[in-house]
2 protein chains.
Amino acid sequence: MDHRCEHDAAASVGLKGSALAQALDQAGSRCDSDGQRLTAPRRRVLELLLGAEGPVKAYDLIAAFGVDGEAAKPPTVYRALEFLERQGFAHRIESLNAYVACRLGADTHAAAFLICDCCGATREIEPAGADVLVASAGRDGFVVTNLTVEAHGLCAACRAS
Amino acid sequence: MDHRCEHDAAASVGLKGSALAQALDQAGSRCDSDGQRLTAPRRRVLELLLGAEGPVKAYDLIAAFGVDGEAAKPPTVYRALEFLERQGFAHRIESLNAYVACRLGADTHAAAFLICDCCGATREIEPAGADVLVASAGRDGFVVTNLTVEAHGLCAACRAS
DNA sequence: GCTGGAAGTGTTATGAAATAACATTACATC
DNA sequence: GATGTAATGTTATTTCATAACACTTCCAGC
């Protein structure tokens, strides 16, 4: 989204150094125990997402992929993103065409996002009220397998200024 | 979304003839009283959306725009869509990159969608539980201006077969 | 009725996002 | 070490959306 203000509210701080390494190792372990493989490109994309301060566009990942500054081919990154989403390590934010590392750590889960249209800060939250919607849909015979909840608006910091 | 089954569940029947004309006139009246203009291209795009049986891709609108079969230029349709969304006559479905006419008639409102990944049927519903989410966000100082809720899954018909 | 500004449209071109298709390589397991 | 599956590499293309600028329409105020 377009940043209309100058606040650089870093809602989710990017991981660095040992914290980053630890998060990656955790992801690796979880893949192992799930019979999945956190291969090099997948690990690299997750690393980029975890290190970022907010949602990242696919083509920014593509550009940043190579440690030497060399870009990846689009399918490389899109495949990795698909895997990371499937495993619950990352989420796609539909209304931004962007991707974030999952910050709630739990297993595959429904996610919701608060997206400040002013500073761009994006916070992942538990989707309050989702159970109500799923139940309501269920009464109509509709089974929800995947739920997208994205709330745009203004964060506290941007409202204050 | 890809239709994986053969059900052609028409969740929202496309309007035709006098029903369509009436819906368009109603939209025109509401624009008048709101100081807005339902110009020719806007009216045409709304007509296409109302006549469709489900979500429509922007480039399908572009292709179908000319009554003589001639395509429109992309900005023509995208501008019209932007207007229709702003006025609450249409919604964009982020997870499909597609657009639908609003079926709930009310003024600008939050919308939610149940999208069957099998037959493609898409139903607009009142976003049950949205109040909970908005309230929850509000407690954190976040003011929601726009809410996207899209539930993917299986509709009753597709589950049955 | 002229005029000036805002809103809307037409048009060309381009940018951004995502995937199709097919060749090749890694990896487990038998 | 043969075999099948999963994952990756690579080229090309398709799909989705907007930038930029010229032109027209509409209407409020003179």
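Chain identifiers are assigned alphabetically (A, B, ...) following the order of the sequence lines, protein sequences preceding nucleic acid strands; residue numbering begins at 1 within each chain.
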Worksheet item: When you look at Arg44(A) and Glu47(A), which way does the salt bridge (Lys or Arg N to Asp or Glu O under 4.0 Å) test go after all the steps?
Response: CA-CA 5 Å; Arg44(A) 175 59 177 155; Glu47(A) 181 181 15; 3.2 Å; yes
Worksheet item: Between Glu124(B) and His91(B), which heavy-atom pair has the shortest distance, and what is it?
Response: OE2-NE2, 3.0 Å
Practice prompt. Identify, between Arg42(B) and Ala58(A), the residue whose nearest nucleotide on DNA chain C lies closer to the 5' end.
Written response: Arg42(B)
Item to complete: Apply the side chain to side chain contact (heavy atoms under 4.5 Å, CB included) test between Arg92(A) and each candidate in Asn97(A), Leu84(A), Thr148(A); give the one that qualifies.
Response: Asn97(A)
Discussion item. I need the CZ-C1' distance between Arg37(A) and dT8(D), as an integer number of Å.
Written reply: 10 Å
Practice prompt. Find the distance Leu96(A):CG to dA17(D):P and express it as a whole number of Å.
Written response: 14 Å
Worksheet item: If each of Phe65(B) and Ala98(A) is mapped to the nucleotide of DNA chain C with the nearest heavy atom, which maps nearer the 5' terminus, i.e. the 5' end?
Response: Phe65(B)
Item to complete: Quickly work out the Asp60(A) CG to dA18(C) P distance and round it to whole Å.
Response: 12 Å
Discussion item. Please determine whether a side-chain nitrogen or oxygen atom of Lys57(B) lies at a distance below 4.0 Å from atom OP1 or OP2 of dC16(D).
Written reply: yes
Discussion item. Tell me whether Ser136(B) contacts the main-chain N or O of Val132(B) through its side chain, where contact means a donor paired with an acceptor under 3.5 Å.
Written reply: no
Item to complete: Under 4.0 Å between any heavy atoms, over every strand shown, what does Arg79(A) touch: base, sugar-phosphate, or nothing? Just pick one.
Response: base
Item to complete: Answer yes or no as to whether dC16(D) has its base stacked against Tyr59(B), where stacking requires a ring-centre separation under 5.5 angstrom and planes under 30 degrees apart.
Response: yes
Worksheet item: Which one, dA19(D), dA18(C), dT8(D), comes nearest to the side chain of Pro75(B)?
Response: dA19(D)
Worksheet item: Between Tyr78(B) (OH) and dT14(C) (P), how many Å, whole number?
Response: 19 Å
Worksheet item: Looking only at side-chain N and O atoms, does Tyr99(B) come under 4.0 Å of OP1 or OP2 in dA17(D)?
Response: yes
Item to complete: Tell me which of Pro74(A) and Phe83(A) sits closer to the 5' end of DNA chain D, going by the nucleotide each one is nearest to.
Response: Phe83(A)
Discussion item. Given dG10(C), dT12(C), dT11(D), identify the nucleotide with an atom nearest to the side chain of Thr76(B).
Written reply: dG10(C)
Worksheet item: Rounded to whole angstroms, how far apart are CG on Asn97(B) and C1' on dT18(D)?
Response: 14 Å
Practice prompt. Figure out the CD/C1' separation between Glu82(B) and dT9(C), and round it to whole Å.
Written response: 13 Å
Discussion item. Does dA17(D) have its OP1 or OP2 closer than 4.0 Å to a side-chain nitrogen or oxygen of Arg92(B)?
Written reply: yes
Worksheet item: Among the nucleotides dT18(D), dT9(C), dA7(D), which one has an atom lying closest to any side-chain atom of Gln36(A)?
Response: dA7(D)
Worksheet entry | Closest non-hydrogen atom pair between Ala110(B) and Pro127(B), with its separation | O-CD, 3.6 Å
Worksheet entry | Whole-Å distance separating the CD1 atom of Ile62(A) from the C1' atom of dT8(D) | 15 Å
Worksheet item: Looking only at side-chain N and O atoms, does Lys73(A) come under 4.0 Å of OP1 or OP2 in dT11(D)?
Response: yes
Item to complete: Starting at atom CG of Leu61(A), determine the distance to atom C1' of dA17(C), rounded to an integer number of angstrom.
Response: 12 Å
